[in-house]
Each structure stands twice: as C-alpha cells, then as structure tokens.
Amino acid sequence: MSEFELKMSPRATFECGQCFRWNADESGVYIGIAYGKIARVRDVSDGDEPRAVLECPAEDYEAVWRDYFDVATDYGAITRHVSINPHMERAAQFGAGIRILRQERWEALCSFIISQCNNIPRIKKIIETMCTLFGEEISDGRFAFPSAERIAGLNEGDLAPLRSGYRARYILKAAIATAAGATFESKADLLRLEGVGEKVASCVALFGLHDLDAFPVDTWMKKAIANHFDKDFDASIFSPYAGLAQQYMFYFERSGKD
DNA sequence: GAACAGGCAACTC
DNA sequence: GAGTTGCCTGTT
C-alpha cells in the first residue's frame with residue numbers, strides 16, 4: 001500500500017453531491033470504490049490549504065486515481081475565474097478543496113437516473129444493493145459497480161430488490177444503450193435516453209463526461225440562484241467553468257452557513 | 001392517511 | 001411553451 005498526497009478536501013469533495021460510493025468510517029477516513037478499485041482518503045489539512053492522503057496500491061494510483069481526482073487541473077485558477085462576486089467568493093471559500101471527480105460514464109449515468117426524486121441516503125442504498133447483487137466482489141464484502149453489460153442482461157423483475165420503482169425501466173434502457181456501444185459524448189446525446197432530462201443529463205455531463213461547463217439545476221440550485229442573483233441569471237457568466245461554480249453554490253447553499 | 005422528495009414524460013391548454 | 005399529472009417507494 002502506498003500513500004499519495006492530494007490537494008483536496010475529502011469532505012467537500014465527497015459530500016458535495018457528485019458521488020455516492022465514498023463513505024466516512026468512524027474515524028472520518030473515507031473509503032470508496034471506482035473503476036473496480038478501492039482506496040482510502042484521509043484529511044491531513046493543517047492550515048489554509050486543503051490536503052489529503054490517498055492510500056492505495058501504487059499501480060492503482062497511476063491507473064485510476066490520478067485521473068479520477070483530477071490532479072492535473074489547476075483548481076486555484078478556475079476557482080478565481082468563477083469567484084465573480086462576494087457571494088461566490090464566500091461559496092468558493094466554504095467549498096475549498098472540492099474536486100470534480102472523473103467518474104465512470106456508465107456509473108454516473110445510472111447513479112443520476114436513480115437520483116431523480118430521491119434523497120441521498122436512499123440513492124446510496126439503491127446503488128449499494130445494486131453493486132452487492134450484480135457487481136464483482138473486489139474484496140471482502142466490497143463490490144464494484146456492475147457493468148452495463150451485466151445490467152443489460154437483466155429484466156425489471158431482477159431489479160425489483162433495488163426498490164428503485166419506475167426508474168428500473170430507465171436503468172435497463174440506459175444499460176442496454178451503453179452495452180450496445182452507444183457513445184454519450186455530450187449532454188445532447190444523454191437527453192435522447194428515456195428517463196434522462198435536463199437535470200440528470202447535466203449531472204452526467206459534469207461528473208461522467210467531465211464537461212466542466214455543465215450546470216445542473218435542482219431545487220437547491222433554484223434557491224441559491226433566487227437568493228443571490230438577479231432574475232436574468234445565466235450560468236454562462238461562469239463559462240467555461242460553470243460546473244465548478246455550481247458545485248460551490250450547491251454545497252454552500254445546502255450547508256445553511258449562508 | 002396524505003403529502004412530499006435533489007425528476008421525467010406525456011398530456012393539456 | 002407553460003402548466004399539470006402520474007409514476008414507485010420510503011419517510012414524515
């Protein structure tokens with residue numbers, strides 16, 4: 001096992017609503033699974049700069065985590081770009097150390113289909129059940145996210161234990177399209193899927209395609225916009241990094257620290 | 001028991 | 001094209 005330092009805040013990154021498979025243990029260390037690999041991340045910040053240590057096999061860092069945690073992007077520069085007014089400066093301060101994870105496309109698509117009209121604990125529960133039932137076991141009791149091919153071979157009855165309700169049909173359709181080799185390169189591509197509307201497509205574009213200009217608007221974002229911007233608000237004021245602005249706004253609004 | 005929840009699609013005017 | 005409603009399920 002090796003250790004790698006990351007300039008990020010685990011809490012801000014994992015609790016800002018972008019991912020569902022990172023959970024803190026009793027000592028506050030986050031354990032997560034992505035791309036079929038498992039890792040631990042702990043906060044080691046001492047002063048202003050958010051810092052974390054990632055524990056994983058060295059080969060996994062090269063193969064998966066370096067890109068996943070987006071270490072090559074200069075977040076200082078793009079944070080300054082979106083800090084266009086005092087409110088955004090405060091939001092960016094509060095969310096300091098947020099990184100937009102480069103998640104797997106299929107996992108992001110499936111996860112955000114499940115997210116519609118659902119709260120985070122329930123979304124996590126459905127996803128974990130799905131992984132346990134259909135994912136590959138990668139270590140004791142820990143499962144990878146199931147492949148689109150595996151899900152595409154199931155039917156609605158197979159998905160019934162997830163209790164995902166009417167979303168089950170959307171999950172299957174997305175899995176079949178993905179397994180059949182459909183390429184989702186943009187939000188417009190995603191919008192053609194049944195059960196994928198503006199909000200879900202924006203989330204998948206931002207978190208699964210790393211389109212940093214995607215700007216998902218849910219009820220929290222509607223509140224944030226209403227509270228802090230004019231009626232003629234347009235996310236393009238943050239372009240081409242509206243997605244990072246969205247994460248800061250969302251995380252800050254939900255914190256109630258405003 | 002009814003309303004609601006971090007949405008979508010199909011339908012109405 | 002703006003507004004309304006049904007949809008599964010779990011929680012309040």
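Only heavy atoms go into these numbers, but all of them, side chains included; no hydrogens, no water, no symmetry mates. Throughout, a chain's letter reflects where its sequence line sits, starting with A, and its residues are numbered from 1.
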Starting at [atom1] of [X] and ending at [atom2] of [N], how long is that distance when rounded to a whole Å?
X	N	atom1	atom2	value
A/I114	B/dC8	CD1	P	14 Å
A/K223	B/dG6	NZ	P	8 Å
A/L109	B/dG7	CG	P	17 Å
A/L190	B/dC8	CG	P	12 Å
A/L193	B/dG7	CG	C1'	15 Å
A/E198	B/dA9	CD	P	11 Å
A/I113	B/dG6	CD1	C1'	15 Å

Considering residues at least two apart in sequence or located in another chain, which fulfil the side chain to side chain contact (heavy atoms under 4.5 Å, CB included) criterion with A/R254?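 Counting only residues at least two positions away or on another chain, A/R254 forms a side chain to side chain contact (heavy atoms under 4.5 Å, CB included) with A/I120, A/W220, A/F250.
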Is the cationic atom of A/R90 (NZ for Lys, CZ for Arg) positioned less than 6.0 Å from the six-membered ring centroid of A/F252 and within 45 degrees of its normal? no
Which Ile, Leu, Val, Met, Phe, Trp or Tyr residues join [X] in one cluster when any pair of side-chain heavy atoms under 4.5 Å counts as a link?
X	answer
A/V44	A/V53
A/W22	A/F4, A/L6, A/M8, A/F14, A/Y30, A/Y35, A/V41, A/L54, A/Y61, A/V64, A/W65, A/Y68, A/F69, A/V71, A/L101
A/L191	none

side-chain hydrogen bond (donor to acceptor under 3.5 Å, both in side chains) contacts in which one or both residues fall within residues 170-184 of chain A, not counting sequence neighbours: A/K173-A/E194
Span that lies between the P atom of B/dG6 and that of C/dA2, in whole angstrom: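 Each nucleotide's P atom is 24 Å from the other's.
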Say we look at B/dC11 and C/dC8: how far apart would their P atoms be, to the nearest angstrom? 15 Å
Per the 3.5 Å Watson-Crick/G-U criterion and a run length of at least three, the stems involving DNA chain B are B:2-5 with C:9-12, B:7-13 with C:1-7
Select base, sugar-phosphate, or nothing to describe what A/I126 touches, counting heavy atoms under 4.0 Å on all strands. nothing
Show me the donor-acceptor pairs within less than 3.5 Å that the side chains of residues 135-144 of chain A make with the rest of the protein, sequence neighbours left out.
from, atom 1, to, atom 2, distance (Å)
A/E137, OE2, A/G141, N, 2.8

Does [X] have any side-chain hydrogen bond (donor to acceptor under 3.5 Å, both in side chains) partners at least two apart in sequence or in another chain, and if so, which?
X	value
A/N85	none
A/R21	A/E128
A/E149	none

Around atom CZ of A/R11, are there more than 12 heavy atoms from other residues, nucleotides or ligands closer than 6.0 Å? no
Of A/G195 and A/T219, whose nearest nucleotide on DNA chain B comes first from the 5' end?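 Closest to the 5' end, via its nearest nucleotide, is A/T219.
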Which residue lies more 5' along DNA chain B, comparing A/F250 with A/L191 via nearest heavy atoms: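 By nearest-heavy-atom nucleotide position, the 5'-most residue is A/F250.
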Dump every N/O contact between nucleotides 10-13 of chain B and the protein below 3.5 Å, one line per pair.
none

Nearest heavy-atom contact between A/R51 and A/D46 is NH2-OD2, 3.4 Å
Could you run through nucleotides 7-12 of chain C and give me one letter per nucleotide, 5' to 3': B if any protein heavy atom sits under 4.0 Å from the base, S if only the sugar-phosphate is that close, - if neither? BBBS--
